[in-house]
Every structure is written in C-alpha cells, then in structure tokens.
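Right, one structure below, let's go through it.
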Amino acid sequence: DDVFGSAPPSPGADRTVHQPTDPSDIPRLRSTHVTNGYREGISASKSTHIQEGFDEGYALGAELGLRVGWCMGVLRGVLHAVSSSHSNTSATPSVPAAENAKLTSSITRESVQQIIQDAEEALTIQALFGKDFFGEDGIWLYDVPGQESGDEGSVTFALIADAHPLLTRWMTTIREVA
C-alpha cells in the first residue's frame with residue numbers, strides 16, 4: 001500500500017477505519033461552559049441594570065405620584081368647600097357673603113364631582129407612563145426645561161414631573177376651578 005493513498009488498495013487489506021468508541025467530551029464541555037457563561041452574564045447584567053432602572057423609575061414615579069395626589073387633594077378640598085357652601089345658606093365665615101354667592105353660582109357640587117371622576121380616569125399610572133409620554137427605553141418624550149443644555153445633572157425628576165403634559169393640563173384645570 002502506498003502511504004499517500006495513490007496506489008490501489010491491496011486485495012486482502014482491511015480498509016475499515018476504526019473510530020474511537022468514546023467521542024471526545026470537548027464539544028459537550030464547550031457547549032456547557034458557553035451556556036453557563038451566558039447565563040451568568042445575563043444574571044449579572046440583569047441584577048445591575050434592573051436595580052438601576054427600578055431606582056430611577058421609583059423616584060420618577062414618586063414625583064409624578066406627588067403631583068397626582070396634589071391634584072386629587074385640591075379637587076376633594078374644592079368639593080368639600082362647595083358642599084359646605086351649598087348646605088350652609090349663610091356666608092362662610094372666611095368668605096364674604098358676596099364672594100360666597102359668586103362661588104356657589106359658578107361651581108356646583110355635581111360639576112366638581114364630575115371633574116374628580118374625570119381626573120381619576122385620566123391620571124392613571126397607565127396614562128402617565130403611556131407611550132405618548134415615555135419611550136420603550138423609559139425616557140420621556142416631551143420637552144423638559146433644561147434638557148437642551150445637555151447637562152444631565154440639571155434635569156431632575158421634579159422638573160420632569162412638572163413638565164409632564166397630562167399633569168400640566170390637569171394642574172391648570174384645577175387652578176382654574178380652585
């Protein structure tokens with residue numbers, strides 16, 4: 001037989017190629033290590049980034065929640081004042097009689113109750129954090145004073161909450177009612 005395989009095989013030669021009966025463990029081990037490394041990398045990345053995202057989202061949510069609470073509190077205060085002025089035919093001690101008459105004629109208990117109902121429907125978490133106001137990455141899509149300067153530290157969560165279009169609309173409405 002020729003060493004290089006150029007000669008024809010010998011008539012009685014055994015041409016069976018013997019494969020090792022135990023396959024190499026290298027591909028299996030490589031696959032196991034790659035999978036484990038991937039899992040560890042994802043786990044480490046999640047714990048870091050999820051916590052950062054939670055911390056940031058929590059602080060912004062708290063600022064937005066404060067403003068929603070202010071809106072609802074003022075509206076309930078107005079409802080209480082209107083209810084008191086309607087049930088009390090005489091002037092409220094802190095409000096002159098002429099002013100009290102003007103208040104009771106322009107705002108009714110029912111209109112304030114309707115405004116409260118509208119506010120409760122409009123100022124939900126889903127609406128505040130909806131795709132109209134925040135992108136998939138959690139960044140606000142509306143203009144915030146100071147963001148054009150490029151200084152990341154100048155934009156605070158309080159400024160972001162104050163500039164939220166839905167909240168600014170409701171705060172303006174509530175100031176008009178109050």
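Computed over heavy atoms, backbone and side chain alike; hydrogens, waters and symmetry mates excluded.
- Linking ILVMFWY residues whenever their side-chain heavy atoms come closer than 4.5 Å, directly or via other members, leaves Leu64 and Tyr58 in distinct clusters.
- Here the CE-CD distance, from Met171 to Glu176, works out to 13.0 Å after rounding to the nearest 0.5 Å.
- Taking all atoms of both residues into account, the shortest heavy-atom contact from Leu166 to Ala127 is CD2-CB, 3.9 Å.
- Under the 4.5 Å side-chain heavy-atom criterion for grouping Ile, Leu, Val, Met, Phe, Trp and Tyr, Phe157 is connected to Ile139 within one hydrophobic cluster.
- Separation of atoms NE2 (His33) and CD (Glu40) is listed at 11.0 Å; rounding is to 0.5 Å.
- Interatomic distance, Ile116 CD1 to Leu79 CG, rounded to the nearest 0.5 Å: 4.5 Å.
- Distance alone, capped at 3.5 Å, is enough to place a donor-acceptor pair between the Thr32 side chain and the Arg28 backbone.
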- Could you give me the CA-CA distance, side-chain angles and deciding distance for Asp55 and Gln51, then say whether side chain to side chain donor-acceptor pair (under 3.5 Å) is met? CA-CA 6 Å; Asp55 292 346; Gln51 186 62 47; 2.7 Å; yes
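- Heavy-atom minimum distance, Ala122 versus Trp170: CB-NE1, 3.4 Å.
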Ignoring hydrogens and angles, write down the donor-acceptor pairs under 3.5 Å from the side chains of residues 66-73, residues two or more places apart or on other chains.
unit_1	atom_1	unit_2	atom_2	d
Arg67	NE	Asp162	OD1	2.6
Arg67	NH1	Glu63	O	2.9
Arg67	NH1	Glu63	OE1	2.7
Arg67	NH2	Glu63	OE1	3.4
Arg67	NH2	Asp162	OD1	3.1

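- For the pair Ile107 and Ser111, the tightest heavy-atom approach, listed with the atom from each and the gap, is CG2-OG, 3.9 Å.
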- Task: Please lay out, stage by stage, how Tyr142 and Ile160 fare under the test side-chain contact (heavy atoms from CB on, under 4.5 Å).
- Result: CA-CA 9 Å; Tyr142 50 89; Ile160 296 167; 3.2 Å; yes
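- Ile42 and Phe54 fall into different hydrophobic clusters, where Ile, Leu, Val, Met, Phe, Trp and Tyr side chains are chained together by heavy-atom contacts under 4.5 Å.
- Of all the heavy atoms in Thr168 and Thr172, the pair that sits closest is O-OG1, 2.8 Å.
- Considering every non-hydrogen atom in both Ser154 and Gly146, the closest pair reads OG-O, 3.4 Å.
- Asn36 CG: more than 12 foreign heavy atoms inside a 6.0 Å radius.
- Considering CZ of Phe134 and CG of Leu141, their distance stands at 8.0 Å, rounded to 0.5 Å.
- Side chains of Arg109 and Val112 form no contact here, defined as non-hydrogen atoms less than 4.5 Å apart.
- The CG atom of Leu167 sits 6.0 Å away from atom CG of Leu123, with the distance rounded to the nearest 0.5 Å.
- In the model, Gln114 has a side-chain atom that pairs as donor or acceptor with a side-chain atom of Asp118 under 3.5 Å.
- Here the closest non-hydrogen pair linking Val144 and Val155 is CG1-CG1, 3.9 Å.
- Environment of CD in Glu56: sparse, with no more than 12 heavy atoms of neighbouring residues, nucleotides or ligands closer than 6.0 Å.
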